[in-house]
Amino acid sequence: ACGTKEKNEKLIVGTEAGFAPYEYMEGDEVVGVDMDIAKAIAESMGKELEIKNMDFDGALLAVQNGTVDFVAAGVSVNEERKKVMDFSVDYVDSVEVVVVNKDNPAVADVEDLDDKVIGVQQGNIADFWVEDNVNAKEIKRYTKFAQAAEDLKNGRIDCIVMDQFPAEELVAANQELAILDGILFEDKYAIAVKKGNKELLDEINSVIEQLKEDGKIEEFYANHTSKN
Amino acid sequence: MAYLDGLKVTLLISFMAILLGIAIGVVVAILKVASSNYKIKWLTRICNIYINIIRGTPLMVQLLIIYNLIFNSRNTNELVIGAVCFGINSGAYVAEIIRAGIESIDKGQMEAGRSLGFNYIKTMRLIILPQAVKNILPALGNEFIVLIKETSVAGVIAVTDLTKAAQYVGSRTWDILPPLIIAALCYLVIVMGLSRLLSVFERRLSKGDRH
Amino acid sequence: MAYLDGLKVTLLISFMAILLGIAIGVVVAILKVASSNYKIKWLTRICNIYINIIRGTPLMVQLLIIYNLIFNSRNTNELVIGAVCFGINSGAYVAEIIRAGIESIDKGQMEAGRSLGFNYIKTMRLIILPQAVKNILPALGNEFIVLIKETSVAGVIAVTDLTKAAQYVGSRTWDILPPLIIAALCYLVIVMGLSRLLSVFERRLSKGDRH
Amino acid sequence: MIVTKNLKKAFGDHMVLKGIDETIEKGEKVVVIGPSGSGKSTFLRCLNLLEVPTEGEIWFEDINITDSKENINLIRRKMGMVFQQFNLFPHLSVKQNITLAPVKLGIMTKEEADRKAMELLKRIGLTEKADAYPNQLSGGQKQRIAIIRSLAMNPDVMLFDEPTSALDPEMVGEVLDLMVQLAEEGMTMVVVTHEMQFAKKVGTRVLFMDEGKIVEQNTPDQFFDNPTHPRLKEFLSKVL
Amino acid sequence: MIVTKNLKKAFGDHMVLKGIDETIEKGEKVVVIGPSGSGKSTFLRCLNLLEVPTEGEIWFEDINITDSKENINLIRRKMGMVFQQFNLFPHLSVKQNITLAPVKLGIMTKEEADRKAMELLKRIGLTEKADAYPNQLSGGQKQRIAIIRSLAMNPDVMLFDEPTSALDPEMVGEVLDLMVQLAEEGMTMVVVTHEMQFAKKVGTRVLFMDEGKIVEQNTPDQFFDNPTHPRLKEFLSKVL
Ligand SMILES: Nc1ncnc2c1ncn2[C@@H]1O[C@H](COP(=O)(O)OP(=O)(O)OP(=O)(O)O)[C@@H](O)[C@H]1O
Ligand SMILES: Nc1ncnc2c1ncn2[C@@H]1O[C@H](COP(=O)(O)OP(=O)(O)OP(=O)(O)O)[C@@H](O)[C@H]1O
Ligand SMILES: [Mg+2]
Ligand SMILES: [Mg+2]
C-alpha cells in the first residue's frame, strides 16, 4: 500500500512523551501542545505526520542525522545547540522552576541550590543550566520525569529543576510535591530542524506565526491542561 | 491498549531478530567450524572477533552504537531497526549454540562416517547435522526467550516496546509501579509459557531417540 | 574522567552485587536441594517462585520495580541501591549455578559416602561440596562478567555507570558515537581480560584433578 | 547374618525385584550371577538400603533395618560396599580416602586411622601411593584402595557389585587376588560378578537371578556342572 | 595387501607408535593384543588414516595411501572398520544405517542397497529389526549391525577395534560367532581384542604390542605356548 510517493509525503517528528502538557501518551497515542503544532505544520505542508517517541537527547541527535525531520519536544534554544541545528521562531516563553517535597522541603529558596541533590532530565536545558550555574552536590539525570518525581517523593533527591507547565501537571497529580516561589531562569521553546534545512524551517516559521496570530497556541494549552 | 501494542512490538522484534540471528549464526558457525578444520586462520579469527565483540560488550551499548552508526535513513521502520540491532547481537550467541550443537555429537559418528568413505562435508550433512539439530533447536528456543527479555532495553532507540509502553503509562499517571508490575506479569506469562512449550517439545525430541 | 568515575561505579556495583548474589544464591540453592531431598514441598515451591520470577522477567523491569519498591530512604548510596537490585537478580542465577554444581558430581560419590556410614549432611559437607566448588567457581566468575555487562542498564535508575557516563558526554558534545565506542572498548577490555583470567584459573583447577 | 523376607523393589511401575527370600550366614561367600538387567545390582543395593525396598523386610544381625526407627547410618558401618566404578573421592589423597570415615565418624583417632591405613596399604603393596590422588592410580589400584577403604571400618560383611567389570583385563587379577585373600580370612561376602573362575574358586554358594527372582542356587560344583533351570543352562552356554 | 613402513605417530610430543614395519597379506586374520595404552587402537586407526601418521608410509593394494595425492575417501570404501562403541547412526533406522553409504556414494541404487541390506540382515537373523532404530537394540545386536554395515560396502579388509569390550558377557558370543563366520569365508581381518579364545581359534598370526612397538609375533599356537619376550610372558600370565 505504501508506494514511494507516499513515503515522500511523510513528515517525521521526534519527541519524548513524558513531558505533559507538551507531549504525553494518551492511550497508545502521543498527544500534547507540541504535537498539535506538529500536526498543523504537516497539514499545511500536505504531508502525513509520523511521530517517533524517543529519549529526549536521542531525539535531538535524530534530527541532526536526519532520522527525523524536526523535533518538537519542548526544546530550549541555547548557543550550544544553535551550533549544531537550526531553530524556528520560539512559540512559547517558558520559565524553569524548582519542585520540592512539600512536607520536607530540602530546598528553601530557588537561590539555594548549592550543595543539593538535583534531579533533571538528561539532555534537557535544565541539565546544562544546573551543571553550569549551580554548585550542586550531585546531579541525577533521568530519562523520565516520572522517575524523578518518584525519587523526590521518596526523598532520594532534594528537588527537580524543570519547566513550569509540566511542573504544574506534576504537583497537581502529587499532593506531596510543591513548586517553590520564584523562577530559576527564563527559557524559550522552539522547533529544531537539521542544520541548513532552510526550506522546512521557513515552512515551520510561517505556520507558527499563523498559529500565534490565531490564538491557537493558547487553545492548545487549554485543551491539554484542563484534562487533569 | 498501550500494553498490547508494546507487547506486539516486543514479540515482533524478538521474532524477526531471532530469524536474522539464525541466519547470521548459521553462516558464522559453519565458517568457523570449517575454517578451523581446514586451518584457514584469518577466517577463524574474523568469526572470533565478531563473536568476542558481541559477547564482550553490553547489549545496550551495542544497541546505541549500531543504531547511530547504521541507521541514517529516515524511512526505516522502527521494528526493522530493532530487529536488525538485536539480530546482529543474537547472531553471535546463535553461532555458538550451533557450534556447540555440532561439537556435542560424539566424534565416533564423524569417524564412522569417514571410515565408510564419506568426505568431511557429506559426513557433516548426512550424519552430524541431522543429529545436531536435536540439540540446537531447544537451545534456539531458549535464545528466543532470552531475546524477549532483552528487548526490554529497546526503549533507548526509539522503539516503544512493552517496557517503554509501561514506563509511559507511568509517566502519565505519575504512579510508575503498577504499570511496571503489569509489564512484568506479561513477560512472566510469555516467558514461562514458552519455557513450558519448549520443555514439552524437548521431551518429544528426546523420546524417539535415546542413545 | 567521567568515564573513569562511571567505570568505577560499574565495577563496584558488579562486585557488590555478585557478593550479595552469592549470599542469596547459596541460601536458596541449599534450601532447594535439601527441601527437595526431604520432600518439603512448600519450601521448594518458594525457592522456585523466586527463581522463576527473576528468570522470567527482564532485568530492566526488575530493576525499576525493585528500585521503586524497596528504597524509600533518601540516604541510601546509589551504589548500594544498584548493588541490591542487581544482587537480588543475580541470586537466582547463582542459586542455579550452585545447584548445577552439586548435581554435576557423580552420584556414586554420594552413594560411596552413605555406604561408609555418613549421613546426608556430612556426605554433602565432606565429599560433595568440596568437589562441587571446582565446578561452581568458574561459573561464578562467568556470572560476574555477565553482571558487568548487565549493569549497563543501571542508568534507568539514575545511577551514573560507564554507559550512562558515555551517554552524557555524548549529549553534551552532540557527538554521541565516539563516547559510546570508548565505553564499548572499556567493557571489552575488562570482559575479555577477566575471561582470560578465568580460563587460566579454570585450567589450574582442573589440572590437579582429572577423573 | 542377613535375611531378606519377600523383598520387592519397583522403579515406578517397573518391578525389578519380585520377592526375594534369602538367608546369608556368617562366613558365607555368596556369588550372584545373571543376565544384564535381571536385578543383581538392585538386590545388592537393597541390602544396605542404598535402594529402599518397596515391600518386604531385611534383617541384619537380628535388626530389622527396613524398620524406619533404626539408624541406617550406624548399620551401614558394618557393611562394606565396593562399586564397579570404584567411587574413590577424587579430592582426597589415598590415605585421606581411607581415614575419612573412621575419623569423621569418631571411630578412631587420626593417629589410629593413619596407622590402620598404612597397615592396609602395606598389605596390598601400595604404601608408596599413600599421598597420591586417585587420578594418579591405575584402575586396579583404585579398586584395591576402594576395598581397603571399606575394610578400614572393620565391616562384618562386604558387598561387591561387579568389582572387576570396569578394569582392563590385565588388572582383573590383582583385584580378584585381594578378594580371594579376604575370603580366606573368613570375611562374609556377597559378590555380583561375571568372573566364573572366581565363583568356582571361592564361592560357597552361587545364586542365579533372572527377571527379579533367584531362580536357581547351589554349591559352585553343582551349579556349574548340573544346572537345571533352562534360562541358567542357556546363560552358562553363552558365557563359559 | 597392507604394508606399513616405519610407521610412527605422535600426539604432541607423546610418541605413541615408534616405527612399525608390518605386512598383512590377503586372507590373513591378524590379531593384535597388548596392554592398555600400548598403541593398538592408534595402529589400527592409522591403517585407514583415521589418524594421520607422523612419519612413515602405509601401502594398501599397492597404493601409497599416505601420499596426499591419493583420494583417501575412495580407499576407505575398501576398508571396513568396526568400533568398540558401535557408532551406529542413531537418527537412522537399521536398514538406513546399512544402505546410507552404498546409496549416497553412488555405488548401488536404492533398490540394490535395500536388497543387499535385507540379505545381510537375514544372515545375522535380524530381518525383523530392519526398521528399528539403534536405541531399540541390545549391544550385541548393535555391533552385529555395525559389522554388516561395513560389509555392505564389499570391503577387501575389515578392521576391528575391541569389538566386544563394550558388551555384556552374554552378548560377546553372538558377535564373535559372526566374526568367525567372516574369517571362514576368507575375509582379510585385523582384530584388536582381549578375547584370547578368538585369537587361538581363528587367528593366523598374533601380534603383541608394547609401548608403541610390535615386540613379538607368531602363529597362535607358538604365541600362546612359547612366548619369549618377558613383557608378553607377564601379560599372558595375567590375562589367561
Ligand atoms: N534408579 C533406577 N531407576 C529406574 N530403573 C532402574 C534404576 N536402577 C535400575 N533400574 C532398572 O532395574 C532393572 C535392573 O537393574 P539392575 O541394575 O539391578 O540390573 P543388573 O542385574 O545389575 O544388570 P547389569 O548386569 O547390567 O548391572 C533394569 O531394567 C534397570 O533399568
Ligand atoms: N587423540 C589422542 N590425543 C592424545 N593422545 C592420544 C590420543 N589417542 C590416543 N592417545 C594416547 O596414545 C596412547 C595409545 O593409545 P591407544 O588408544 O592406541 O592405546 P590402546 O593400546 O588402544 O589401549 P586400550 O587397550 O586402552 O584401548 C595412550 O597413551 C593414549 O593416551
Ligand atoms: Mg548391575
Ligand atoms: Mg584401544
Side-chain angles (χ1 to χ4, degrees), chain B residues 10 14 48-49 51-70 72 89 142 145-157 161-167 170 175-196, chain C residues 10 14 48-49 51-70 89 142 145-157 161-167 170-171 175-196:
Chain B
T10 290
S14 308
N48 282 338
I49 287 176
I51 291 172
N52 283 337
I53 287 182
I54 296 290
R55 291 165 43 124
T57 54
L59 172 62
M60 177 139 143
V61 175
Q62 288 167 31
L63 212 59
L64 289 168
I65 291 179
I66 298 175
Y67 179 70
N68 287 296
L69 204 59
I70 300 186
N72 290 322
N89 173 272
N142 229 21
I145 292 176
V146 168
L147 259 177
I148 289 177
K149 291 190 288 164
E150 282 185 339
T151 50
S152 69
V153 305
V156 300
I157 55 164
D161 69 319
L162 178 53
T163 306
K164 185 131 170 180
Q167 282 181 295
D175 194 1
I176 55 188
L177 215 44
L180 284 173
I181 289 174
I182 292 174
L185 287 177
C186 289
Y187 282 109
L188 196 62
V189 167
I190 293 171
V191 167
M192 296 204 42
L194 284 176
S195 299
R196 188 125 330 155
Chain C
T10 289
S14 308
N48 282 338
I49 287 176
I51 291 172
N52 283 335
I53 287 182
I54 296 290
R55 292 167 42 126
T57 55
L59 172 62
M60 174 136 143
V61 174
Q62 288 167 30
L63 207 61
L64 289 167
I65 292 179
I66 298 174
Y67 179 71
N68 287 298
L69 204 58
I70 299 186
N89 172 271
N142 229 22
I145 292 176
V146 168
L147 259 178
I148 289 178
K149 292 190 288 164
E150 281 184 341
T151 51
S152 69
V153 305
V156 298
I157 54 167
D161 70 320
L162 179 52
T163 306
K164 182 114 176 190
Q167 280 181 295
S171 72
D175 195 1
I176 194 169
L177 218 42
L180 282 174
I181 288 174
I182 293 175
L185 286 176
C186 289
Y187 281 110
L188 197 62
V189 167
I190 294 171
V191 166
M192 296 204 39
L194 284 176
S195 297
R196 189 126 328 156

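Residue numbers start from 1 in every chain, and the chains themselves are labelled A, B, ... in the order their sequence lines are given, proteins ahead of strands.
- Atom CE of C/Met60 sits about 7.5 Å away from atom CG of B/Asp161, to the nearest 0.5 Å.
- Contact of B/Glu150 with chain C is not made at all, since no heavy-atom distance falls under 4.5 Å.
- Taking CG from C/Leu69 and CD1 from B/Ile176, the interatomic distance works out to 11.0 Å, rounded to the nearest 0.5 Å.
- Looking at B/Leu64, both its backbone and its side chain come within 4.5 Å of chain C, counting heavy atoms on both sides.
- Both the backbone and the side chain of B/Ile53 come within contact range of chain C, each with at least one heavy atom under 4.5 Å from a heavy atom of that chain.
- Contact record, B/Lys149 with C/Pro58: O-CB, 3.3 Å, taken as the closest heavy-atom pair.
- Atom CD1 of C/Ile54 sits about 10.0 Å away from atom CG of B/Leu188, to the nearest 0.5 Å.
- In this structure, the portion of C/Gln167 lying under 4.5 Å from any heavy atom of chain B is its side chain and not its backbone.
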request  = Before giving the answer on side-chain contact (heavy atoms from CB on, under 4.5 Å), spell out for C/Ile65 and B/Ile181 the whole-Å C-alpha distance, their side-chain angles and the decisive distance to 0.1 Å.
outcome  = CA-CA 7 Å; C/Ile65 292 179; B/Ile181 289 174; 3.9 Å; yes
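- Applying the side-chain hydrogen bond (donor to acceptor under 3.5 Å, both in side chains) test to B/Ser152 and every residue at least two apart in sequence or in another chain returns nothing.
- Ranked by heavy-atom pairs under 4.5 Å with chain B, the first of C/Leu180, C/Asn52, C/Thr151, C/Val61 is C/Leu180.
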